[in-house]
> 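Take a look at this one; I'll ask things after.
Indexing begins at 1, ligand by ligand and atom by atom, following the structure's order.
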Amino acid sequence: MTREPLRPVLYDDARDVVRVLDQKRLPVDEVWLELSTAEQVAAAIKDLTVRGAPAIGVAAAYGIAVEARRGADVARLRAAAELLVHARPTAVNLAWAVRRMGRRIGLGAEVILAEAHAIRDEDEAACRRIGALGAPLIPPRAHVLTHCNAGALATAGYGTALGVVRAAVEAGNPISVFADETRPFLQGARLTAWELHRDGIPVTILTDGMAGWLMQRGEIACVVVGADRIAANGDVANKIGTYALAVLARHHHLPFYVAAPWSTVDLGTPAGDAIPIEERGTEEVVTLAGQRIAPVGVPARYPAFDVTPAALVSAIITERGVLRAPYDASLRTLAAE
Ligand SMILES: CSC[C@@H](O)[C@@H](O)C(=O)COP(=O)(O)O
């Protein structure tokens, strides 16, 4: 059965609302929210209603557009941009999109909305190109491990890591996916599993500690993940737990691929140690499905991202091409194109 492509962030031009699929409630409920202010969009980004690096960039762009279309003046639009750009710190796509929108402020609501639509459309096109470029890297009938959700839900549509998976399947390679559950927000168990299952792509959920054992047994052919920011030297920030997979992949001589649009590349950040890593509230770590699972009084940590050194990355798949080490040089070359 062919299903409608999944597009988690949309704009209703007739009613001037930003429509977002509530990712906090998936997979149990499929609920679309309608947002009509920059404050509402910023709150949806902060609380992970909408998440994934490219998707939060698209949402922020529409957050500025909705204000413009509802009559906000330049000062209000600049304040909206300021609010949105600070909603989350690690994914550079957010700052990239807000900066791009900022260049349209003052040119009128139609121009601003057109720019937001362009950001959305270009991201989906980039994901499809990433898929086409990445699919040939996946061995026939491979079991592919992914972490978090770098799928349609995390982008304008189609996905980055899952875009590679989708393109491989569309090209006739009957691969299957292992989805790390990705504690504590469970993007893998809830979102990756939901969107792949929806599209008929075989997916099996693992808890976060299982990958090493399956690699040792030869049950995983390669790892494909997304990224929140790629530094100029090729270091990659992505969901916490990604670095551990890269180390495991290296130990087991498996390829470790990063799939991301060019908007995730941040040549202004020289290396991974300069990437800001979001620390979130720890309630989610000490609770599961609303139940406390840890003793009261014991502290917890929740760094939401980690950095994988470039040396552990086999290739970075972007819409501009597939990059190989040395990444400082290959990123500079593609930046110039
Ligand atoms: C194409 S999405 C790439 C990344 O943003 C994704 O892998 C990720 O880490 C998302 O984290 P999240 O905290 O769910 O926004």
> Suppose I only count heavy atoms of Asn238 and a 4.0 Å limit; which atoms of ligand 1 are within that range?
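This gives 4 (C), 6 (C), 7 (O), 8 (C), 9 (O) as the contact atoms.
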
> Could you tell me which atoms of ligand 1, counted from 1 in the order shown, lie closer than 4.0 angstrom to a heavy atom of Phe305?
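Listed by number with element, the hits are 9 (O), 11 (O), 13 (O).
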
> Check each heavy atom of Phe185 against ligand 1 and say whether those closer than 4.0 Å belong to the side chain, the backbone, both or neither.
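Near ligand 1, Phe185 shows nothing, with every heavy atom at 4.0 Å or more.
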
> Give me the atom names and distance for the closest heavy-atom approach of Tyr11 to Val66.
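Taking every non-hydrogen atom into account, OH-CA, 3.5 Å.
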
> Measuring from non-hydrogen atoms of Cys148 to any atom of ligand 1, is the shortest distance under 4.0 Å?
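Heavy atoms of Cys148 do come under 4.0 Å of ligand 1.
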
> Does the distance from a Lys or Arg side-chain N to an Asp or Glu carboxylate O, for Asp208 and Arg183, drop under 4.0 Å?
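No, no charged N to carboxylate O under 4.0 Å.
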
> Is it true that a side-chain atom of Lys46 and a backbone atom of Arg88 form a donor plus acceptor pair closer than 3.5 Å?
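No, the answer is negative, given that no donor and acceptor are paired below the 3.5 Å cut-off.
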
> Please confirm whether Gly151 comes within less than 3.5 Å of ligand 1 when only nitrogen or oxygen atoms on both sides are compared.
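No; every N/O pair is 3.5 Å or more apart.
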
> Could you check atom 4 (C) of ligand 1 against the protein and tell me its nearest heavy-atom contact, residue, atom and distance included?
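The answer is Asp228 OD1, 3.0 Å.
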
> Can you measure from CG (Leu137) to OH (Tyr257) and round to the nearest 0.5 angstrom?
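The distance works out to 4.5 Å.
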
> Could you tell me whether Arg25 and Glu30 have a side-chain N and a carboxylate O separated by less than 4.0 Å?
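No salt bridge links Arg25 with Glu30.
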
> Can you sort out which atoms of ligand 1 are near Ala154, meaning under 4.0 Å from one of its heavy atoms?
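Within the 4.0 Å cut-off of Ala154, ligand 1 contributes 1 (C), 2 (S).
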
> Heavy-atom distances under 4.0 Å are what count here, so tell me which part of Thr155 touches ligand 1: side chain, backbone, both or neither.
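The answer is the side chain.
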
> Apply side-chain contact (heavy atoms from CB on, under 4.5 Å) to residues Ile138 and Val224 and explain how you reach the verdict.
CA-CA 9 Å; Ile138 308 298; Val224 188; 3.9 Å; yes

> Do His252 side-chain atoms and Ala221 backbone N/O form a donor-acceptor pair below 3.5 Å?
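Side chain of His252 to backbone of Ala221: no pair is present.
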
> Leu6 versus Trp194: any side-chain heavy-atom pair under 4.5 Å?
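Side-chain contact under 4.5 Å: yes.
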
> With rounding to the nearest 0.5 angstrom, report the CG to OG1 distance, Asp123 to Thr155.
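Spacing of CG (Asp123) from OG1 (Thr155) equals 5.5 Å.
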
> What atoms in ligand 1 come closer than 4.0 Å to a heavy atom of Thr160?
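Contacts of ligand 1 toward Thr160, numbered from 1: 1 (C).
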
> Counting only heavy atoms closer than 4.0 Å, does ligand 1 sit against the backbone of Arg88, its side chain, both, or neither?
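The side chain, only.
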
> Run down the list Lys239, Arg229, Glu278, Gln23 and name the one with the heavy atom closest to atom 13 (O) of ligand 1.
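Of the listed residues, Lys239 has the closest heavy atom.
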
> Would you please test Asn149 and Arg190 for side-chain hydrogen bond (donor to acceptor under 3.5 Å, both in side chains) and show each step?
CA-CA 9 Å; Asn149 172 266; Arg190 296 190 304 106; over 6 Å; no

> Using a 4.0 Å heavy-atom threshold (strictly under), name the region of Pro54 that reaches ligand 1: side chain, backbone, both or neither.
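Near ligand 1, Pro54 shows its side chain, while the N, CA, C and O stay back.
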
> Would you mind checking which non-hydrogen protein atom is closest to atom 3 (C) of ligand 1, with the distance to 0.1 Å?
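So the nearest neighbour among protein heavy atoms is Ala227 O, 3.3 Å.
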
> What atoms of ligand 1 come within less than 4.0 Å of a heavy atom belonging to Gln187?
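Near Gln187, the atoms of ligand 1 are 12 (P), 13 (O), 14 (O).
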
> If you measure from each non-hydrogen atom of Ala53 to ligand 1, which part falls under 4.0 Å: side chain, backbone, both or neither?
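The answer is both.
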
